[in-house]
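First up is the structure itself, then whatever we jot down about it.
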Amino acid sequence: MTNPENPAFNLSWQRFEAYPTYGDLDRAPKTVVTQTDSMIQLLNAGVVPQDLIQNYLLNYTVPFLVSAANGIKRVYDQEIASVISLPVETSEAADFTNIVFSWMHYFARSRYLPDGFSKRGILRAPQTEREFIRRIVELKDGVLEIADGKKSRGTFLESSPQALRIYTFFKVGSSMPLKFIESDRERREHESDILGKLLDGIDTSFST
């Protein structure tokens, strides 16, 4: 599976490490995006205090987005020097962000759009460095507003392209698989592995 809509997608996907050797695994891109999505949901449910949410967003989510922006040359510049000269945290943040941008329209769901989102619509992947940075700035501004209690998921997302892109980024990034199943054999092996885990410890002999 590839996405030709983002010219930098294939390069980022080939370089992205699903399990990078971070010094602090709590700051791995997938972890931060997943935790951010959970924090937003908990905040909207009113089950956690605002200061706890604010602390995570300011100390984990915002630095992740800053790292992604700092790694823009890795995403759009194919020179080998740009690929190997950045810290792993910066490289992985940029690559993962680009991958999520590329698949947002594919994985996003809305009860008002049963046929899904257009790949050329409001969830369209960035095509240039300028668009990439603009989208990250949009995310960062939205996260800061959430941290300050100025923005809620209660906003009718379909009426606000900015809010839709912000919440969709974290929702898709948290649920998107890091490896797509590309063949029938892989799919059967994956399903067999899941079934094995579900049946682990259960007596299936049906003996009386």
Practice task
Using the side chain to side chain contact (heavy atoms under 4.5 Å, CB included) rule, pick out the option among L139, V143, V137 that qualifies with D141.
Solution key: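 So the option named by the test is V137.
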Problem - Check: T36/T61 side-chain N/O donor and acceptor closer than 3.5 Å - result: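 Result is yes, a qualifying pair exists.
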Exercise for the section: Determine, stepwise, if the pair M176 / F96 fulfils side-chain contact (heavy atoms from CB on, under 4.5 Å). Expected result: CA-CA 11 Å; M176 185 183 71; F96 185 73; 4.3 Å; yes
Once rounded to the nearest 0.5 Å, what's the spacing between atom [atom1] of [X] and atom [atom2] of [Y]?
X: K30; Y: F64; atom1: NZ; atom2: CZ; value: 11.0 Å
X: L123; Y: L164; atom1: CG; atom2: CG; value: 5.0 Å
X: M39; Y: L52; atom1: CE; atom2: CG; value: 5.0 Å
X: L43; Y: S38; atom1: CG; atom2: OG; value: 12.5 Å
X: T90; Y: R74; atom1: OG1; atom2: CZ; value: 10.0 Å

Check for a donor-acceptor pair, side chain of [X] on one end and backbone N or O of [Y] on the other, with a separation under 3.5 Å.
X: Q50; Y: A147; result: yes
X: N55; Y: D51; result: no
X: E131; Y: Q127; result: yes
X: K140; Y: V62; result: no
X: S174; Y: K171; result: yes
X: N98; Y: A94; result: no
X: R165; Y: I122; result: yes

Handout entry: Y167/D37 under side-chain contact (heavy atoms from CB on, under 4.5 Å): CA gap, chis, key distance, verdict
Key = CA-CA 8 Å; Y167 288 109; D37 180 61; over 6 Å; no
Handout entry: Electrostatic pair E89-R27, nearest N-O below 4.0 angstrom
Key =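 Here E89 does not pair with R27 in a salt bridge, since their nearest N and O are not under 4.0 Å apart.
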Handout entry: Parallel, tilted or perpendicular: rings of Y56 and Y60 (30°, 60°)
Key =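 Parallel, since the angle between the ring planes stays under 30°.
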Problem - Within 45° cone and under 6.0 Å: R135 NZ/CZ vs F101 ring - result: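 The answer is yes; both the distance and angle limits are met.
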Exercise for the section: For A93 and S67, work out which heavy atoms get closest and say how close. Expected result: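 What the structure gives for the nearest pair is CB-CB, 3.8 Å.
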Exercise for the section: Show your reasoning for whether side-chain contact (heavy atoms from CB on, under 4.5 Å) applies to I136 and F132. Expected result: CA-CA 6 Å; I136 292 180; F132 187 82; 3.3 Å; yes
Exercise for the section: Just do the side-chain contact (heavy atoms from CB on, under 4.5 Å) check on V100 and F170 with the steps written out, would you? Expected result: CA-CA 9 Å; V100 177; F170 294 107; over 6 Å; no
